[in-house]
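We're numbering straight along the sequence, starting at 1. The basis for the numbers below is simple: all heavy atoms, side chains too, and nothing from hydrogens, waters or symmetry mates.
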Amino acid sequence: MTETATTTATATRPGRFVSKLLADRHSLPLSIGLHLVPGMLIVAAYFLLAEPFVEAIGYPIFMAWAVALVIVLVPLLFGLLWLGRQRNGRLSLRGVLHYVDRPIPRGRLAAMIAGLIVWMTVVSLALTPLDNVVYQNFFTWVPFEGAGGSATTYLDGYAHSLLVTTMVICLPLTGFALPLIEELYFRGFLLPRIAHLRAGAPLLNTVLFSVYHFWAPWTVLSKVVFLLPGVWLVWRRHDIRLSIGMHAGTALLMASLGTLALALNLI
């Protein structure tokens with residue numbers, strides 16, 4: 001090999017940490033960190049940037065969380081693409097994400113996703129009283145404005161026009177784009193790399209993903225319940241489209257209905 005070729009190969013060879021990230025297996029400490037650090041960064045982005053900005057323009061605090069999520073999750077997506085560049089020599093998710101080979105036929109996939117959306121919607125709404133109980137007994141000290149056991153607490157106390165505007169602005173983000181990025185990262189990147197834990201992999205992934213929502217710790221128990229079936233199916237069937245359809249589909253459905261209800265003064 002010539003000196004130039006050797007230099008080029010050295011320059012393009014992934015570093016040690018990148019190699020650990022792209023390995024087929026992640027150690028338990030590494031996986032826990034990769035699950036939870038984004039949530040910590042989101043809380044930091046909220047306090048340092050998003051909350052002051054949204055309060056300055058007088059919009060509901062719900063928008064601050066949407067901004068904080070964008071600040072962290074969009075660079076996270078580009079980080080995955082960058083890992084793909086280290087692996088493939090170009091921006092790509094090939095070899096970075098797993099469970100993307102689409103093994104489930106479309107008709108069966110659509111039926112499974114529909115069932116998961118119904119499950120997630122019904123169970124998440126049914127467990128709202130549990131969220132309230134956990135919040136009232138353990139998390140009233142949380143300093144986030146609008147914190148509470150109901151999703152609408154982040155919107156309470158603002159003019160109707162501001163609420164509608166906020167929901168319309170946030171709809172494509174919180175209703176689709178951000179859940180999609182979360183699924184690519186947590187189920188496409190992280191879950192396959194702890195698959196050696198067997199049935200413990202979807203359970204650990206679901207628990208850590210639920211804890212990652214540091215801005216709503218009182219919802220951890222309910223999230224584990226309504227998310228686990230979808231995560232388990234992704235692990236079992238090796239098809240990330242299941243959790244994308246469940247998570248993004250449910251988020252889009254509930255955000256759209258909520259926005260429509262607000263616009264029509266139904267809530």
Side-chain angles (χ1 to χ4, degrees), residues 28-29 31-76 120-160 162-163 166-167 169-170 173-175 178-179 181-182 185-186 190 203-228 231 247 250-251 254-255 258 262 267:
L28 187 57
S31 187
I32 292 173
L34 291 174
H35 277 84
L36 299 184
V37 167
M40 299 176 187
L41 294 176
I42 289 168
V43 172
Y46 168 81
F47 279 123
L48 297 176
L49 298 171
E51 183 185 36
F53 168 73
V54 170
E55 287 185 343
I57 63 176
Y59 271 73
I61 205 65
F62 175 77
M63 182 178 284
W65 287 111
V67 171
L69 284 159
V70 168
I71 289 173
V72 175
L73 293 182
V74 171
L76 190 64
M120 184 170 175
T121 301
V122 172
V123 174
S124 63
L125 292 175
L127 291 179
T128 298
L130 172 63
D131 294 340
N132 278 309
V133 169
V134 176
Y135 174 77
Q136 292 296 334
N137 284 277
F138 300 103
F139 291 105
T140 53
W141 55 268
V142 170
F144 309 136
E145 180 184 339
S150 170
T152 61
T153 55
Y154 290 111
L155 296 168
D156 292 344
Y158 294 92
H160 180 261
L162 282 180
L163 294 179
T166 298
M167 292 300 292
I169 292 173
C170 293
L173 299 173
T174 59
L178 297 174
I181 295 173
E182 286 180 331
Y185 179 70
F186 286 96
L190 295 181
L203 178 59
L204 178 63
N205 180 263
T206 303
V207 170
L208 291 176
F209 177 68
S210 301
V211 175
Y212 141 89
H213 292 77
F214 290 111
W215 52 97
W218 51 91
T219 66
V220 168
L221 293 177
S222 61
K223 279 185 169 63
V224 170
V225 174
F226 64 70
L227 288 172
L228 184 57
V231 179
H247 189 179
T250 304
M254 297 183 75
L262 271 174
I267 57 175

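- For L204, the side-chain contact (heavy atoms from CB on, under 4.5 Å) partners at least two apart in sequence or on another chain are L28, I194, L197, L208.
- Listed by chain and number, the residues in a side chain to side chain donor-acceptor pair (under 3.5 Å) with S124 amount to none (sequence neighbours excluded).
- If you take CG on L48 and CG on L41, they are separated by 10.5 Å, rounding to the nearest 0.5 Å.
- Residues passing the side chain to side chain donor-acceptor pair (under 3.5 Å) test with Y185, sequence neighbours excluded: none.
- Here NE2 of H247 is found 7.0 Å from CG of L227. Values are rounded to the nearest 0.5 Å.
- Considering all non-hydrogen atoms of both residues, A66 and T174 come closest at CB-CG2, 3.9 Å.
- Under the ring pair (Phe, Tyr, Trp, His ring centres under 6.0 Å) criterion, F138 pairs with no residue, sequence neighbours left out.
- The minimum heavy-atom distance between V133 and N137, with the atom names listed, is O-ND2, 2.7 Å.
- Interatomic distance, F186 CZ to L34 CG, rounded to the nearest 0.5 Å: 9.5 Å.
- From H160, atom NE2 reaches atom CG of L262 across 5.5 Å, with rounding to the nearest 0.5 Å.
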*Verify side-chain contact (heavy atoms from CB on, under 4.5 Å) between W215 and L69, making sure each step is shown before the conclusion.*
CA-CA 11 Å; W215 52 97; L69 284 159; 4.0 Å; yes
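- Atom-to-atom distance recorded for M63:CE and E51:CD is 14.5 Å, nearest 0.5 angstrom.
- K223 and S210 get closest at one heavy-atom pair: CB-OG, 3.3 Å.
- Under the side-chain contact (heavy atoms from CB on, under 4.5 Å) criterion, A50 pairs with A64, V67, A68, not counting sequence neighbours.
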For residues 52-62, which side-chain donor-acceptor pairs fall under 3.5 Å, sequence neighbours excluded?
none

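- By the side-chain contact (heavy atoms from CB on, under 4.5 Å) test, V211 is found to be paired with L36, V207, F214, V220, residues two or more places apart in sequence or in another chain being considered.
- Residues meeting the side chain to side chain donor-acceptor pair (under 3.5 Å) test with H35, sequence neighbours left out: S31, N205.
- Of all the heavy atoms in T219 and D131, the pair that sits closest is CA-OD1, 3.6 Å.
- A perpendicular orientation is assigned to the rings of Y46 and F144, their planes being inclined by more than 60° (bins at 30° and 60°).
- Closest heavy-atom contact between L228 and L203: CD1-CA, 4.0 Å.
- With hydrogens and angles ignored, the 3.5 Å screen pairs a side-chain donor or acceptor of T166 with a backbone N or O of L162.
- The aromatic rings of H213 and F209 stand perpendicular to each other, their planes meeting at an angle above 60°, with 30° marking the opposite boundary.
- Every residue meeting the side-chain contact (heavy atoms from CB on, under 4.5 Å) condition with L127, not counting sequence neighbours, appears here in chain and number order: V123, L130, S222, V225.
- Under the ring pair (Phe, Tyr, Trp, His ring centres under 6.0 Å) criterion, F226 pairs with no residue at all, not counting sequence neighbours.
- Counting all heavy atoms, side chain and backbone alike, W218 lies closest to A147 at CH2-CB, 3.6 Å.
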